[in-house]
Structures are given as C-alpha cells and as structure tokens.
Amino acid sequence: MNYNITVLDGDGIGPEICAGAIKVLNATGAKYGHTFNFTHKLIGGCAIDKCGVPLPEETVTACLSCDSVLLGAVGGYKWDSLPVDIRPEKGLLGIRKAMGLYSNIRPAKLWASLAHASPLKYELVKDGVEIIIVRELTGGIYFGERGKGTGDGGEYAWDTEKYSVAEIERITRIACELASKRDKKVVSIDKANVLESSRLWRRTVHAYAEKNYPDITVEDMLVDNAAMQIVKNPSALGVVLTSNIFGDILSDEAAQVTGSIGMLASSSLGDGTRGLYEPIHGSAPDIAGKDIANPIATVLAAAMMLRDSFSLTDECAAIERAVESVLNDGWRTADIMEEGAKRVTGSRMAELIAERI
Ligand code: IPM
Ligand code: MN
C-alpha cells in the first residue's frame with residue numbers, strides 16, 4: 001500500500017526527530033511492503049519566518065488532503081515576544097482545529113528498562129505505570145471566548161471554559177473504547193466542586209457511558225486530587241478522560257513520572273482516520289542542531305500513526321519491539337543516559353531502531 005504523510009518538522013529539534021522517524025518508517029515500509037511518501041510543510045516559527053504566519057494556507061490544505069500528519073515540535077525563544085496571533089503555538093492550535101482533531105491520546109508509559117529514570121520511589125513504579133490521558137483537544141478554555149479591558153482594578157483579562165454535551169460525549173466515547181480494551185475503567189477528571197462546565201462534564205460522561213458502555217465503570221476524580229494521585233499511586237490510574245486544559249497540565253505531570261519525556265508520543269484524531277502524531281515534548285531550542293535529541297518519542301508517534309490511522313498493527317508492534325530491544329541492549333541518548341549504558345547520538349539511535357525492524 002501507498003500512504004501519503006505530511007511532515008510538519010516545525011522548529012528547534014523538530015527536523016532532526018522527524019528525520020529519525022522517517023528513517024524508521026522507511027525501514028518498516030521496506031520490510032512490510034508499503035510505500036510512505038513524505039511531503040514537508042511549514043508550521044510554527046519557521047513558517048512565521050518564511051510566510052509571516054504560523055500556519056500557512058498551503059500547510060492546512062496539505063494536512064487536509066493527505067493520509068496522516070507527523071509533527072515534530074513548534075516554538076523557540078526567537079518568536080517568544082511576537083503578538084499572540086502570530087506565535088508558533090497558534091499554528092499548532094490552528095491545525096488541530098482545522099483538522100477537527102478533538103481527541104488527543106497521550107499514553108505515559110514507564111519502560112521497564114528505564115524505571116531508574118522515574119523521579120518517584122522505585123516501589124511506586126516497580127509494577128509499571130501506564131496512564132493513558134484522553135484529552136479533549138478542540139474545545140474548552142483554549143478556544144472559548146476571551147477578552148481584555150480596563151476597569152476599576154486597572155487592566156483585566158478573561159478566558160472562558162465552555163463545553164457542550166456533544167463535545168463531551170464524543171470524547172467520552174474515545175475513552176470508553178480505549179477502556180473496553182483494557183481494564184474497563186475510565187477515570188474522569190474535572191473540577192465539579194467549583195465549575196459549572198465541570199458539572200455538565202461529569203453528568204454527561206456518566207449518562208453517556210452508562211447508556212452506551214454499560215460494562216465500563218466511570219470513576220470521578222477532582223483535578224487537584226488527580227495531580228496528587230499521579231505522583232502518589234500512578235499505577236492506579238489507567239485511562240484518564242479530561243478537558244483540554246486539565247489534560248494539558250496532567251499529561252506533562254504523567255510524562256515526568258515515567259522519567260523520560262523524550263520517549264512519549266501522542267495521537268490526535270477526529271472522526272476519520274486522518275490524524276496528527278507528535279512527540280509530547282517541545283522543540284528544545286537549546287539542543288537543536290547538536291544531534292543529541294532523543295528521536296524515540298517521534299518514532300513511537302509514527303508507530304501510533306501506523307496503528308491508529310492505517311490499521312497496520314503488526315508494523316506498529318514491530319517498531320515498538322525495535323525500540324524496546326535497542327533500549328534493552330543499553331543504547332541511550334543523552335536524556336536517558338545512565339551509568340554503564342552506551343551513549344549514542346539522536347541520528348544513530350534512529351538508525352539502530354531502523355536496523356532492528
Ligand atoms: C501541548 C502544548 C500545547 C498545548 C501548546 C504548545 C499550545 O503544551 O501540546 O501540550 O497547550 O496544547
Ligand atoms: Mn502541554
């Protein structure tokens with residue numbers, strides 16, 4: 001089969017880590033008889049530099065007509081002082097919205113060979129951790145009405161958290177589907193003791209799950225408590241369903257628990273099979289161009305694309321196995337280096353994985 005993939009390299013380490021993922025995808029294609037065609041488009045800071053906007057029309061068109069999208073990372077110091085509308089982040093939010101990607105899945109998995117890298121005590125993580133955060137991605141405070149003005153207290157500014165039943169139901173379905181293949185439990189996170197939008201969230205999640213997934217148990221957790229449970233008892237969490245802003249915050253926390261943000265991938269999907277796959281980490285401008293960035297998160301994002309957009313489950317598993325085998329043999333990039341391991345560059349890490357497909 002032939003697959004057309006749009007690659008949004010982005011800024012900082014984006015191009016290097018995408019190159020690593022492409023290497024691994026090509027090796028996978030060669031082994032399993034697929035052709036992956038890659039078309040590179042601009043997003044973020046590099047797009048601002050070349051086109052004056054973080055999300056050029058041409059990029060949107062390419063993303064809406066390909067089979068799936070691989071993204072590196074956007075942003076950097078260089079663009080930090082630009083007005084909000086032409087900041088690199090706006091490109092990312094814009095492409096999520098334009099592609100209708102309301103469902104963001106962020107699995108935070110602790111790799112057995114990297115358990116030492118977790119900042120948590122060994123006994124808390126020794127049985128493994130796999131928190132799968134299902135984050136609503138095109139609604140809530142990220143896209144709600146906002147404004148600013150000046151009043152009695154001086155300048156003021158406001159943002160709004162607003163969710164409709166339809167938006168809550170469609171993301172609940174995604175979480176329930178995932179939980180159906182696991183322990184049949186969804187932990188839904190909100191702030192229903194304070195927020196009206198959270199009360200609707202809670203009511204809707206329960207009603208929808210009870211009606212459509214009677215064998216799934218929904219457990220509610222307040223977001224402040226969730227922040228605590230992630231570091232107190234991470235293996236108790238599993239599939240976590242939450243809003244855009246809470247998911248943003250908790251996914252960084254969950255990622256850190258695994259000790260290696262350089263290893264975690266995420267998928268963003270809408271109603272169809274075309275998605276956007278990216279590492280959870282950012283553009284790390286401080287190490288860009290030095291060939292030290294860990295490409296594994298992007299490689300695993302590419303693997304998720306094969307499974308979740310193209311239904312290539314064996315191919316996805318082959319990439320995950322290759323990553324595991326390289327780690328088990330002691331190869332490490334700088335970010336996950338430990339005593340006695342063998343340090344390699346980012347590009348060499350990608351080659352090692354590609355060779356083992
Ligand atoms: C993320 C990032 C983005 C977000 C930023 C860059 C807009 O933090 O993907 O988690 O907040 O969604
Ligand atoms: Mn974030």
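None of these values were measured; they are calculated from a predicted model. Every number for a ligand or one of its atoms is a count from 1 in the order of the listing.
- The pair Glu324-Arg321 does not meet the salt-bridge criterion, since no charged nitrogen lies less than 4.0 angstrom from a carboxylate oxygen.
- Residues satisfying the salt bridge (charged side-chain N to carboxylate O under 4.0 Å, His left out) criterion with Asp314, sequence neighbours excluded, are absent altogether.
- A donor-acceptor contact closer than 3.5 angstrom is absent between the side chains of Trp79 and Asp11.
- Note: Thr160 OG1 to Ile141 CD1 = 7.0 Å, rounded to the nearest 0.5 Å.
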Once you restrict both partners to nitrogen or oxygen, which atoms of ligand 1 have a protein partner under 3.5 Å, and how far apart are they?
{"from": "ligand 1", "atom 1": "8 (O)", "to": "Asp248", "atom 2": "OD1", "distance (Å)": "3.3"}
{"from": "ligand 1", "atom 1": "9 (O)", "to": "Arg96", "atom 2": "NH2", "distance (Å)": "2.7"}
{"from": "ligand 1", "atom 1": "9 (O)", "to": "Arg106", "atom 2": "NH2", "distance (Å)": "2.8"}
{"from": "ligand 1", "atom 1": "10 (O)", "to": "Arg106", "atom 2": "NH1", "distance (Å)": "3.1"}
{"from": "ligand 1", "atom 1": "10 (O)", "to": "Arg106", "atom 2": "NH2", "distance (Å)": "3.1"}
{"from": "ligand 1", "atom 1": "10 (O)", "to": "Arg135", "atom 2": "NH1", "distance (Å)": "3.4"}
{"from": "ligand 1", "atom 1": "10 (O)", "to": "Asp248", "atom 2": "OD1", "distance (Å)": "2.9"}
{"from": "ligand 1", "atom 1": "11 (O)", "to": "Tyr142", "atom 2": "OH", "distance (Å)": "2.5"}
{"from": "ligand 1", "atom 1": "11 (O)", "to": "Asp248", "atom 2": "OD1", "distance (Å)": "3.4"}
{"from": "ligand 1", "atom 1": "12 (O)", "to": "Arg96", "atom 2": "NH1", "distance (Å)": "2.7"}
{"from": "ligand 1", "atom 1": "12 (O)", "to": "Arg135", "atom 2": "NH1", "distance (Å)": "3.3"}
{"from": "ligand 1", "atom 1": "12 (O)", "to": "Arg135", "atom 2": "NH2", "distance (Å)": "2.8"}

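- With respect to Lys121 and Glu123, no salt bridge is recorded, no charged nitrogen being found less than 4.0 Å from a carboxylate O.
- Taking backbone and side-chain atoms together, Asp248 has an N/O/S atom less than 2.8 Å away from the Mn ion (ligand 2).
- Geometrically, Arg170 engages Tyr102 in a cation-pi contact defined by less than 6.0 Å to the ring centre and at most 45° from the axis.
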